[in-house]
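The structure appears right after this line, and notes come after that.
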Amino acid sequence: MFLEFKRKYIDNSAKSFLKKSKRVRDKRFMNWDDVESVVLLIDVEHINHTLFSNLYQRVADKKNAKIWCMIPKYDPRTGDSEKVFFFDKKSVNLLEKPNNIITGKFLSQPFDILIDLTKKESLPLKYLAQVSSAHCKCGMDKPFYDFYDFKMSMPSNATAEQILDQILFYLRTIKTKG
């Protein structure tokens, strides 16, 4: 019951934020060749720089790419890099909404495509995905995630790399007119 309350809070907070900020999203499918910037969202149990490097290399081909990662506990020795931004439970409120610093930093750079690599619900990342003004939002088909423009089903044991590869396959294959 508390989880359902948190879900409603996150969804309503995102809607309220978008309404107050008057952010208008230019929603459209983009040809991969025309994409200039990509943001990846991922939720991990342990920091894995090899994983981040692999994900980044898959999308960084002449593109400005960033990875936003929710981690259980932030270690200052890890630090953000210019490619990967970390945040943890200390950066979200009791109902899991990211604080204004995280939200502001996330929204400070517009992205053409947002790719959510989470396999299960992550309320802080869900909030960021909802308030993003990315032209196209992609991710796995999950309950309570009705804001994606492109969603797909994958086996529950799929890795983040496999999810990303599958989404990129479709983004590179589907072509839209001018």
Side-chain angles (χ1 to χ4, degrees), residues 1-30 35 37-47 52 55 59 64-76 78-154 156 160 163-164 167:
M1 183 157 124
F2 189 58
L3 178 60
E4 184 62 33
F5 179 75
K6 290 194 304 187
R7 273 189 195 118
K8 286 183 181 181
Y9 171 76
I10 290 294
D11 292 341
N12 289 336
S13 293
K15 287 176 189 170
S16 176
F17 176 85
L18 292 170
K19 186 176 182 179
K20 285 180 186 174
S21 66
K22 297 181 178 151
R23 293 178 64 88
V24 178
R25 181 174 157 234
D26 179 18
K27 180 179 169 180
R28 67 179 188 262
F29 188 85
M30 297 186 68
V35 171
S37 57
V38 179
V39 63
L40 304 176
L41 303 180
I42 188 165
D43 189 354
V44 296
E45 291 297 318
H46 304 285
I47 293 176
F52 302 141
L55 295 173
V59 296
N64 177 15
K66 303 287 185 215
I67 300 172
W68 278 79
C69 184
M70 179 75 187
I71 54 177
K73 185 174 181 186
Y74 184 77
D75 182 348
T78 302
D80 293 334
S81 72
E82 80 179 49
K83 300 173 192 171
V84 184
F85 299 97
F86 299 101
F87 68 103
D88 64 4
K89 295 287 185 186
K90 290 182 181 177
S91 301
V92 300
N93 66 17
L94 177 65
L95 299 174
E96 299 193 47
K97 177 185 168 195
N99 65 30
N100 291 338
I101 295 169
I102 296 297
T103 303
K105 191 173 181 179
F106 179 78
L107 295 174
S108 68
Q109 183 175 5
F111 294 98
D112 293 329
I113 293 187
L114 177 142
I115 302 175
D116 184 351
L117 300 175
T118 59
K119 294 187 278 184
K120 59 183 181 181
E121 186 173 48
S122 171
L123 293 175
L125 292 175
K126 180 182 181 185
Y127 177 83
L128 293 179
Q130 286 178 301
V131 300
S132 170
S133 59
H135 301 304
C136 184
K137 299 178 185 181
C138 311
M140 283 184 60
D141 190 14
K142 297 183 281 273
F144 311 109
Y145 278 63
D146 59 349
F147 54 88
Y148 290 143
D149 304 309
F150 176 75
K151 55 185 168 183
M152 57 186 308
S153 296
M154 293 284 292
S156 61
I163 296 166
L164 180 59
I167 290 173

Query raised in the report: Parallel, tilted or perpendicular: which fits the ring planes of F2 and F5, with parallel below 30° and perpendicular above 60°?
Result: parallel
In Å, rounded to the nearest 0.5 Å, how long is the span from [atom1] of [X] to [atom2] of [Y]?
X: L94; Y: K89; atom1: CG; atom2: NZ; answer: 10.0 Å
X: Q109; Y: S132; atom1: CD; atom2: OG; answer: 11.0 Å
X: I163; Y: M140; atom1: CD1; atom2: CE; answer: 4.5 Å

**Report entry** Residue list, salt bridge (Lys or Arg N to Asp or Glu O under 4.0 Å) with K142, at least two apart or on another chain
**Finding:** D116
**Report entry** Residues that E45 engages under salt bridge (Lys or Arg N to Asp or Glu O under 4.0 Å), provided they are two or more places apart
**Finding:** none
Query raised in the report: Can you list the steps and then say if F147 with Y145 is a ring pair (Phe, Tyr, Trp, His ring centres under 6.0 Å)?
Result: CA-CA 6 Å; F147 54 88; Y145 278 63; 5.5 Å; yes
Sequence-distant partners of [X], side-chain contact (heavy atoms from CB on, under 4.5 Å), two or more places apart:
X: S21; result: F17, R23
X: K97; result: Y9, I10, S13, N93, Y127
X: D26; result: R28, H135

Partners passing side chain to side chain donor-acceptor pair (under 3.5 Å) against [X] (at least two apart in sequence or in another chain):
X: D43; answer: S122
X: D141; answer: none
X: K137; answer: none
X: K6; answer: E96

Query raised in the report: Which residue pairs pass the salt bridge (Lys or Arg N to Asp or Glu O under 4.0 Å) test when at least one of the two sits in residues 8-21, sequence neighbours left out?
Result: D11-K126
Query raised in the report: Can you pull the ring-ring contact (aromatic ring centres under 6.0 Å, His included) pairs that have at least one residue in residues 92-116, sequence neighbours excluded?
Result: W68-F106
Report task. Flag yes if more than 12 heavy atoms outside N12 fall under 6.0 Å of its CG atom; otherwise flag no. Result -> yes
